[in-house]
Trainee: 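I have a structure here, written as structure tokens, and I will follow up with some questions on it.
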Amino acid sequence: MLDYLEEQIRARLIQLDWPAKQIQLSRPKKAENGDWASNIAMTLARDLKRAPMQIAEELLAEINLDPEIVEKYEIVKPGFINFFQSASYLTTQLKHILELRENYGKNAIGAGKTAQVEFVSANPTGPLTVGHGRQTVLGDTLAAILTWSGYDVTREYYFNNAGRQMRLLGESLKSRYLGLKGQSIALPDGGYEGHYLIDVAKRLLEEQPDLDVESDVNIFKDYAERSIFAIIRSSLKRIGVIHDVFYNERSLYETGKIDEVLAILKEQDLLYKKDGATWFKTSELGIEQDRVLVKSSGEPTYRLPDIAYHREKIARGFDLVVDIFGADHIDAYPDVLTALRVMGLEYEHIHVVIHQFVTLLRSGEVVKMSTRKANFVTLDELIDEVGVDVVRYFYIMRSASSHLNFDLDLAKRQTEENPVFYLQYAHARISSIFRRAKERGLDTDIRQADLSLLNEEYTIALINEALEFPEVIDHCRRALEIHHLPVFLYGLATALHKFYTEYKVIDLDQPDLSKARLALLEAIQITLRNGLDILGISAPDQM
RNA sequence: GCGCCCGUAGCUCAGCUGGAUAGAGCGCUUGCCUCCGGAGCAAGAGGCCACAGGUUCGAAUCCUGUCGGGCGUACCA
């Protein structure tokens, strides 16, 4: 419909030799304003120096619209052109859903192209927290949207198991281990206080009881890394996330990629030494101050490997790269992009999605969290408390750029107040109707259903709602925003419930109408299921 | 100080590249099951879209400024 109208209007513009402006078509909020509306006449008014109403008249005077698709059109007040779709168009589209089934909503925009989504990327210093959770689900769901858009998607986890933080982790574990043996050694300054390290220390003590103060800290570091990575991977698995690639920062050193970046920047005279450190002249490149790339200790700061990593992403040839960062990393990526630019690399296909923080609320109170101290809530604890479906939904129901209030009380309620159950209930309700229809001996073979019987107000509203699904997918992809999907699904569930209250599906006296309505419900269920599938939320047949 | 994000109903938030009378959930008031799942539906009350300018035929949406809140502003990641 959208493409069709755009094509027809464009043809008229060319015919009239009017400017080939972008043609905007939208779905009006009010039904009386048609199914699709265009503001083209108003946007042309200035170019043509004529009244919009007149322009619309002339534009439509000789337009050629298929009556099977567009029943009629109207020109209204300021200059809107409203199109009304025909009943046959609606039934054709409904058949489409029934034929496409689990493919309904997919498109081929990314066909033959590759995409990479980098997300989570937490270093193995502790379990995933509630904060990581948002990014985890956000990235996974955006990756799913890209898959539905035809891309060949790589989910990637970038991590660093070297450097100061990891050394601190090793020392912290050593301290805990020796503590268990009765040798009290203070945690290092800024060390990791989390209780999980004590558990790790206990297991290490069981496996290797003979370590002591003299033992190499690397033994502890490696053990901590392995143990914590196992915890992280198990959390990811629980929440349904599988990364295709775990990219170790260390490989950038081993393959010389770090040195290459330094060499290129040096060649461009963008590096200098000061106080024993190597600085990047970012202040000459539109950034407030210069940045340190290599510390006076000889260790690089995180920026340098990040630059090298992104250079590698470009070299790997992805058509689209999406980085998911938390708001606390907001300062890092301009430096990276700047470095890529001065190295003469194409980086327009790299998109950064920044999400704001998560606040946990319990009984209306903010749950205080601090990573340094032991009192953070882990993603696992959250899943234990409310379940995977609810966790996933709550994380993506709001736009990433908004702060997220995660209301634990609401999340735990298995009642009408919980939007997840509202959606799942819609799906289960349809399954239930099909079960009942079979019990009653109704012919549920919907293939010969006469869809033209579906012409009541709320029925048409429901079909229209379902037809928006592909547009929503497209919107999510374009904007790299996922929250439009749960918002859409919620509206679809509402339309379904409304339809259900208004009309009886199983009516033995009207088998043809029943069959048509069952066909409709099948299409709605397909749409709901596909949407939930993208979100990684289960679609139950009964609850 | 500077950079990014946010400010829409009592609360939590939608509102897509500017469009027609600003929406939803929760909470509050009131209705709807002899009938396919009431985990549902309907009605009502509730708004100077933070504030002030500007651009435009038209602004919650774009621009500037002000005021609030969050995050950052490291030789931590």
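Heavy-atom basis, side chains included; hydrogens, waters and symmetry copies ignored. Order of the sequence lines sets the chain letters (A, B, ...), proteins ahead of strands, with each chain counted from 1.
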Trainee: Categorize Lys274(A) for me: base, sugar-phosphate, or nothing, with a 4.0 angstrom heavy-atom threshold over every strand shown.
Mentor: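 Touches a base.
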Trainee: For Glu299(A), answer base if it contacts any base atom (sugar-phosphate contacts may also be present), sugar-phosphate if it contacts only those atoms, and nothing otherwise; contact means non-hydrogen atoms under 4.0 Å.
Mentor: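 Since no nucleic acid heavy atom lies under 4.0 Å of Glu299(A), the category is nothing.
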Trainee: Using a 6.0 Å cut-off, check whether atom CG of Asp189(A) has over 12 heavy atoms from anything other than its own residue.
Mentor: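 Count not over threshold, so no.
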Trainee: Any residue in residues 503-511 of chain A with a heavy atom nearer than 4.0 angstrom to RNA chain B? Just list them by number, or reply none.
Mentor: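 Result for residues 503-511 of chain A: Tyr503(A), Lys504(A), Val505(A), Ile506(A), sorted by number.
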Trainee: Using the C1' atom as the point on both nucleotides, what is the distance between C49(B) and C57(B), in whole Å?
Mentor: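 After rounding to an integer number of Å, I get 22 Å for this pair.
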Trainee: Report yes or no: do Asn161(A) and Glu225(A) form a side-chain donor-acceptor pair below 3.5 Å?
Mentor: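 Side-chain D/A pair, Asn161(A) to Glu225(A): present.
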Trainee: Take the protein atom CD1 of Ile81(A) and the nucleotide atom P of A20(B), then report the distance between them rounded to whole Å.
Mentor: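 To the nearest whole Å, that distance equals 16 Å.
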Trainee: Can you tell me how far apart CG (Leu423(A)) and CG (Leu528(A)) are? Round to the nearest 0.5 Å.
Mentor: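 CG of Leu528(A) is found 7.0 Å from CG of Leu423(A).
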Trainee: Counting just side-chain N and O atoms, does Tyr500(A) come under 4.0 Å of either OP1 or OP2 of G38(B)?
Mentor: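 Yes, because at least one side-chain N or O of Tyr500(A) sits under 4.0 Å from OP1 or OP2 of G38(B).
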Trainee: What nitrogen or oxygen pairs link the protein and nucleotides 69-71 of chain B at under 3.5 Å?
Mentor:
{"from": "C71(B)", "atom 1": "O2'", "to": "Ala327(A)", "atom 2": "O", "distance (Å)": "3.3"}

Trainee: Hey, which of these two, Glu32(A) or Asn405(A), hits RNA chain B nearer its 5' end, going by closest nucleotide?
Mentor: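 Upstream on the strand: Asn405(A).
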Trainee: Taking atom C1' in both G19(B) and G3(B), what distance in whole Å separates the two?
Mentor: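 My reading of the C1' atoms in G19(B) and G3(B) gives 33 Å.
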Trainee: Verify the distance criterion only: is there a donor paired with an acceptor across the side chains of Ser38(A) and Gln24(A) at less than 3.5 Å?
Mentor: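 Distance-only check fails for Ser38(A) and Gln24(A).
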Trainee: How far, in whole Å, is C26(B) from A39(B) if one measures between their C1' atoms?
Mentor: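 Pairwise C1' distance, A39(B) against C26(B), rounds to 15 Å.
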Trainee: Just how far, in rounded Å, is C1' of G37(B) from CG of Asp541(A)?
Mentor: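 From Asp541(A) CG to G37(B) C1': 14 Å.
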Trainee: Roughly how many Å is it from NE2 in His497(A) to C1' in G38(B), rounded to a whole number?
Mentor: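 One finds 11 Å between C1' of G38(B) and NE2 of His497(A), rounded.
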Trainee: Atom NZ of Lys30(A) and atom C1' of G23(B): how far apart are they, to the nearest Å?
Mentor: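 So the NZ-C1' distance, Lys30(A) to G23(B), works out to 13 Å.
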Trainee: For Phe406(A) and Phe394(A), take the angle between the two ring planes, folded into 0 to 90°, and tell me which bin it lands in: parallel under 30, tilted 30 to 60, perpendicular over 60.
Mentor: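 The rings of Phe406(A) and Phe394(A) sit tilted, inter-plane angle from 30° to 60°.
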Trainee: In terms of the angle between their ring planes, are Phe229(A) and Phe246(A) parallel, tilted or perpendicular, with boundaries placed at 30° and 60°?
Mentor: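 Ring orientation of Phe229(A) relative to Phe246(A): perpendicular.
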Trainee: Which residue is it: Val292(A), Asp290(A), Leu265(A)? I am looking for the one with a side-chain contact (heavy atoms from CB on, under 4.5 Å) to Phe280(A).
Mentor: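 That would be Leu265(A).
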Trainee: A cation-pi test, strictly: NZ or CZ of Arg429(A) under 6.0 Å from the centre of the six-membered ring of Tyr500(A) and no more than 45 degrees from its axis. Yes or no?
Mentor: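 Pair Arg429(A)/Tyr500(A) counts as cation-pi.
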Trainee: Considering every strand and a 4.0 Å limit on heavy-atom distances, what is the contact class for Ala37(A): base, sugar-phosphate, or nothing?
Mentor: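 Base contact.
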Trainee: Taking only the side-chain nitrogens and oxygens of Tyr422(A), find out if one of them lies under 4.0 Å from OP1 or OP2 of C41(B).
Mentor: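 Looking at the OP1 and OP2 atoms of C41(B), one of them is under 4.0 Å from a side-chain N or O of Tyr422(A).
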Trainee: Syn if the chi torsion is within 90° of 0, anti otherwise; quick check, which is C26(B)?
Mentor: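 It is anti.
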Trainee: If we take the C1' atom in both C67(B) and G10(B), what is their distance in whole Å?
Mentor: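 Taking atom C1' in both C67(B) and G10(B), they lie 23 Å apart.
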Trainee: When all nucleic acid strands are considered with a 4.0 Å heavy-atom cut-off, which category describes Ala277(A): base, sugar-phosphate, or nothing?
Mentor: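 Touches a base.
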Trainee: Would you say the ring centroid of Phe488(A) lies under 6.0 angstrom from that of Phe469(A)?
Mentor: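 That pair passes the under 6.0 Å test.
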Trainee: Between C1' on C5(B) and CZ on Arg398(A), what's the gap in Å once rounded to a whole number?
Mentor: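 Rounded to the whole Å, the gap is 17 Å.
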Trainee: So, does Ser432(A) get its side chain near the phosphate of G37(B), meaning an N or O under 4.0 Å from OP1 or OP2?
Mentor: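 The answer is yes; a side-chain N or O of Ser432(A) sits under 4.0 Å from OP1 or OP2.
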Trainee: Using the test side chain to side chain donor-acceptor pair (under 3.5 Å), find all partners of Arg392(A) that sit at least two apart in sequence or belong to another chain.
Mentor: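 For Arg392(A) the side chain to side chain donor-acceptor pair (under 3.5 Å) partners, ignoring immediate neighbours, are Asp140(A).
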Trainee: Measure from the side chain of Asn160(A), starting at C-beta and using heavy atoms only, and say which of G37(B), A77(B), C75(B) lies closest.
Mentor: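 My answer, after comparing the listed nucleotides, is A77(B).
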Trainee: Between the base of C75(B) and the side chain of Thr301(A), is there a donor and acceptor pair under 3.5 angstrom?
Mentor: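 Looking at the base of C75(B), it does not pair with any donor or acceptor on the side chain of Thr301(A) (distance under 3.5 Å).
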Trainee: Reckon Asn82(A) touches a base, only the sugar-phosphate, or nothing at all at heavy-atom distances under 4.0 Å?
Mentor: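 Contact class for Asn82(A): base.
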Trainee: Name the nucleic acid region contacted by Asn33(A), choosing base, sugar-phosphate or nothing; use a 4.0 angstrom heavy-atom cut-off, strictly under.
Mentor: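 Here Asn33(A) touches the bases of the nucleic acid.
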Trainee: What I want to find out is whether Lys498(A) reaches Glu502(A) closely enough, with some N-O distance under 4.0 Å, to be called a salt bridge.
Mentor: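 Yes, this pair counts.
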Trainee: Let me know the distance between CG of Asp335(A) and C1' of C75(B), rounded to the nearest Å.
Mentor: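 Taking atom C1' of C75(B) as the reference, CG of Asp335(A) is at 14 Å.
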Trainee: What is the nucleic acid contact for Ser296(A), judged by heavy atoms within less than 4.0 Å: base, sugar-phosphate only, or nothing?
Mentor: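 Base, at least one base atom sits under 4.0 Å.
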Trainee: Give the rounded distance in Å between these two atoms: CZ of Phe488(A) and C1' of G25(B).
Mentor: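 Phe488(A) atom CZ is separated from G25(B) atom C1' by 18 Å.
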Trainee: Ring-plane angle category for Tyr309(A) and Tyr247(A), please: parallel below 30°, perpendicular beyond 60°, tilted otherwise.
Mentor: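 Ring orientation of Tyr309(A) relative to Tyr247(A): tilted.
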Trainee: Distance between the P atoms of U55(B) and A60(B), in whole angstroms?
Mentor: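 So the two P atoms sit 16 Å from each other.
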Trainee: Pick the P atom in A22(B) and in A9(B), then give their distance to the nearest Å.
Mentor: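 Pairwise P distance, A22(B) against A9(B), rounds to 15 Å.
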Trainee: Would you say the side-chain atoms of Gln165(A) and Asn160(A) include a donor-acceptor pair closer than 3.5 Å?
Mentor: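 On atom types as modelled, these side chains do not qualify, holding no pair under 3.5 Å.
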Trainee: Looking only at N and O atoms, is any donor in the side chain of Tyr425(A) or the base of A39(B) less than 3.5 Å from an acceptor on the other one?
Mentor: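 No such pair is found, so the answer is no.
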Trainee: Dot-bracket for RNA chain B, please. Rules: Watson-Crick or G-U, both distances under 3.5 Å, ( ) within the strand, [ ] when a pair crosses earlier ones, | for another strand, . otherwise.
Mentor: (((((((..((((.....[...)))).(((((.......))))).....(((((..]....))))))))))))....
Trainee: Let me know the distance between CG of Asn418(A) and P of C13(B), rounded to the nearest Å.
Mentor: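 Computing the Asn418(A):CG to C13(B):P distance gives 16 Å.
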Trainee: Sticking with atom P, work out how far A45(B) lies from U30(B), rounded to a whole angstrom.
Mentor: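 Looking at atom P only, A45(B) and U30(B) are 15 Å apart.
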Trainee: Could you list the donor-acceptor pairs under 3.5 angstrom formed by side chains in residues 323-335 of chain A, with sequence neighbours left out?
Mentor:
{"from": "Asp323(A)", "atom 1": "OD1", "to": "Lys313(A)", "atom 2": "NZ", "distance (Å)": "2.7"}
{"from": "Asp323(A)", "atom 1": "OD2", "to": "His310(A)", "atom 2": "NE2", "distance (Å)": "2.5"}
{"from": "Asp335(A)", "atom 1": "OD2", "to": "Arg291(A)", "atom 2": "NE", "distance (Å)": "3.1"}
{"from": "Asp335(A)", "atom 1": "OD2", "to": "Arg303(A)", "atom 2": "NH1", "distance (Å)": "2.0"}

Trainee: Would you sort out whether His243(A) and Phe119(A) count as a ring-ring contact (aromatic ring centres under 6.0 Å, His included), showing the intermediate values?
Mentor: CA-CA 9 Å; His243(A) 284 88; Phe119(A) 62 111; 4.5 Å; yes
Trainee: At under 4.0 Å, does any side-chain N or O of Ser431(A) touch on OP1 or OP2 of G37(B)?
Mentor: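 No, Ser431(A) has no side-chain N/O under 4.0 Å of OP1/OP2 on G37(B).
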Trainee: What's Arg164(A) touching, base or sugar-phosphate or nothing? Going by heavy atoms closer than 4.0 Å.
Mentor: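 Since only primed, P, OP1 and OP2 atoms lie under 4.0 Å of Arg164(A), the category is sugar-phosphate.
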Trainee: Say whether His132(A) and Thr129(A), considering side chains only, have a donor N or O and an acceptor N or O under 3.5 Å apart.
Mentor: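 Yes.
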Trainee: Between the side-chain atoms of Asp331(A) and the base atoms of A77(B), is any donor-acceptor pair under 3.5 Å?
Mentor: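 No, no donor-acceptor pair under 3.5 Å.
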Trainee: Among the candidates G38(B), C36(B), A14(B), find the nucleotide nearest to the side-chain atoms of Arg429(A).
Mentor: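 Closest of the options to the side chain of Arg429(A): G38(B).
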Trainee: On a heavy-atom basis, which atom in Ala400(A) and which in Arg134(A) lie closest, and how many Å separate them?
Mentor: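 Reported closest heavy-atom pair: CA-NH2, 3.6 Å.
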Trainee: Between the protein and nucleotides 15-19 of chain B, list every N/O to N/O distance that falls short of 3.5 Å.
Mentor:
{"from": "G15(B)", "atom 1": "OP1", "to": "His483(A)", "atom 2": "NE2", "distance (Å)": "2.9"}
{"from": "C16(B)", "atom 1": "O2'", "to": "His475(A)", "atom 2": "NE2", "distance (Å)": "3.0"}
{"from": "G19(B)", "atom 1": "N7", "to": "Asn39(A)", "atom 2": "ND2", "distance (Å)": "2.7"}

